[in-house]
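Letters A, B, ... are given to chains in the order of the sequence lines, protein chains preceding strands, and every chain is numbered from 1. Only a predicted model underlies this, so the values are computations on that prediction, with no experimental measurement involved. Every heavy atom of this structure was used, including side-chain atoms; hydrogens, water molecules and symmetry mates were not.
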Protein chains: 2
Amino acid sequence: MGRQMTEMLKGTLEGIVLALLTGNPAYGYEITTLLRRQGFTEIAEGTVYALLVRIEQKGLVDVEKRPSEKGPPRKVYSLNEQGEKELDEFWNTWSFLSERLEQLRKGGK
Amino acid sequence: MGRQMTEMLKGTLEGIVLALLTGNPAYGYEITTLLRRQGFTEIAEGTVYALLVRIEQKGLVDVEKRPSEKGPPRKVYSLNEQGEKELDEFWNTWSFLSERLEQLRKGGK
DNA sequence: ACTGGTACATAGTACCGCTAAGTAGTGGAG
DNA sequence: CTCCACTACTTAGCGGTACTATGTACCAGT
């Protein structure tokens with residue numbers, strides 16, 4: 001992946017995954033394919049799983065293990081209350097940054 | 001600074017500084033105060049200087065040393081051709097990410 | 001002499017995405 | 001029945017970037 005994109009994803013990828021999870025529980029492999037379908041074609045699998053471990057340890061998601069027809073059991077993640085709070089803050093942070101950048105792009109010094 | 005903002009700035013702060021520099025050469029201390037005035041009130045001074053060293057080593061800016069009325073000489077940075085190219089790519093990367101996130105925010109799965 | 005503003009530098013830390021490799025289960029092709 | 005492809009998760013080590021903390025240096029006003 002491009003160096004710029006890699007750096008820019010730091011901090012935002014977590015928010016993206018939390019957003020994907022709202023009202024839509026999903027498991028790791030599924031999330032990876034979802035991301036790829038959204039255009040993030042080069043997101044590494046390992047990155048997603050590591051991120052999921054992190055947000056679980058931070059208590060932003062609840063986890064349920066379910067058997068799969070194919071392969072090992074799935075770990076299904078669903079956003080909990082704390083996760084929604086974190087997502088709210090994420091959107092706030094994003095909005096701030098986004099507005100500043102759009103202003104800069106229009107040449108607003 | 002908030003943990004989220006810190007992470008989100010990774011990758012974008014460089015672009016922000018490059019954008020500030022377009023058609024407007026500036027020195028480190030000045031850039032820091034500019035950023036603070038733009039709302040990035042908690043950007044650490046050291047962060048800016050480290051970033052400037054980095055973009056200079058990457059060859060994105062030209063540097064000129066000028067005496068200051070007050071304090072040590074200033075290092076004035078101006079965007080060069082390569083820097084403009086990098087900034088272009090930054091805006092492309094940013095646009096991509098920005099569009100995906102706005103789509104997500106509107107609930108577009 | 002001291003304080004505060006100007007101006008730059010850097011060593012150490014933490015976080016996060018990536019690379020690379022591995023484990024494990026199922027099903028189909030040869 | 002063996003191998004390969006797909007599903008599904010895990011982990012060790014690396015690199016890049018922002019932060020913390022501290023230091024250096026120069027000048028003005030009190």
Side-chain angles (χ1 to χ4, degrees), chain A residues 1-18 25-36 40-58 60-61 63-77 86 90 93 97, chain B residues 1-18 25-36 40-58 60-61 63-77 86 90 93 97:
Chain A
M1 174 137 25
R3 168 199 133 266
Q4 277 189 339
M5 184 59 88
T6 291
E7 290 307 321
M8 234 183 264
L9 280 177
K10 293 186 180 178
T12 58
L13 186 56
E14 183 180 307
I16 292 171
V17 170
L18 292 180
Y27 55 97
Y29 191 81
E30 191 183 5
I31 293 170
T32 304
T33 61
L34 263 175
L35 285 169
R36 296 206 210 275
F40 299 102
T41 53
E42 296 179 87
I43 298 274
E45 246 198 305
T47 299
V48 176
Y49 288 111
L51 190 155
L52 290 172
V53 168
R54 225 166 51 229
I55 63 177
E56 180 185 357
Q57 274 164 358
K58 286 202 242 174
L60 307 179
V61 287
V63 188
E64 195 193 342
K65 213 164 226 171
R66 282 192 218 157
S68 163
E69 316 84 49
K70 302 187 87 176
R74 297 166 172 165
K75 286 177 74 178
V76 177
Y77 295 83
E86 180 81 359
F90 169 77
T93 308
L97 197 57
Chain B
M1 175 140 22
R3 170 200 132 265
Q4 278 189 339
M5 185 59 89
T6 292
E7 290 308 320
M8 236 184 263
L9 281 176
K10 294 185 180 177
T12 58
L13 187 55
E14 183 180 307
I16 292 171
V17 169
L18 292 179
Y27 55 96
Y29 191 81
E30 193 183 5
I31 293 169
T32 304
T33 61
L34 264 175
L35 285 170
R36 297 206 209 273
F40 300 101
T41 53
E42 297 177 88
I43 297 273
E45 246 198 306
T47 300
V48 176
Y49 287 112
L51 190 155
L52 290 172
V53 167
R54 224 165 52 227
I55 63 177
E56 181 185 357
Q57 275 164 358
K58 285 202 242 174
L60 309 178
V61 286
V63 188
E64 195 193 343
K65 211 165 228 171
R66 281 191 218 159
S68 163
E69 317 85 49
K70 305 189 84 175
R74 298 167 173 166
K75 286 179 75 177
V76 177
Y77 296 84
E86 180 80 0
F90 168 78
T93 309
L97 198 57

- Query: Taking OP1 and OP2 of C/dG17, is either one under 4.0 Å from a side-chain nitrogen or oxygen of A/Thr6?
  - Reply: no

I want to check one thing: is the phosphate of C/dA7, taken as OP1 and OP2, less than 4.0 Å away from some side-chain N or O of B/Ser68? yes

Picking from C/dG17, C/dC15, C/dA9, the nucleotide nearest the side-chain atoms of B/Glu7 would be C/dC15

Does D/dG15 have its OP1 or OP2 closer than 4.0 Å to a side-chain nitrogen or oxygen of A/Arg3?
no

Quick note, B/Pro72 side chain, CB onward, closest among D/dT7, D/dC26, D/dA18 is D/dC26

Would you say D/dT11 has OP1 or OP2 under 4.0 Å from some side-chain N or O of A/Tyr49? no

Q. Hey, does the side-chain of B/Lys10 have a donor or acceptor N/O within less than 3.5 Å of a partner on the base of C/dG17?
A. no

| task | Give one of base, sugar-phosphate or nothing for B/Leu13, where a contact means two heavy atoms less than 4.0 Å apart. | result | sugar-phosphate

Of C/dG27, D/dC19, C/dC18, the nucleotide closest to the side chain of B/Ala44 is D/dC19

Is any side-chain N of the basic residue among A/Lys75 and A/Glu30 closer than 4.0 Å to the acidic one's carboxylate O? no

Result for 5'-nearest mapping on DNA chain C, choosing between A/Pro73 and B/Glu30, is B/Glu30

Side-chain N or O of A/Lys75 versus OP1/OP2 of D/dT10: is the shortest distance under 4.0 Å?
yes

With a 4.0 Å cutoff (strictly under), does any side-chain N or O of B/Arg54 reach OP1 or OP2 of D/dA18? yes

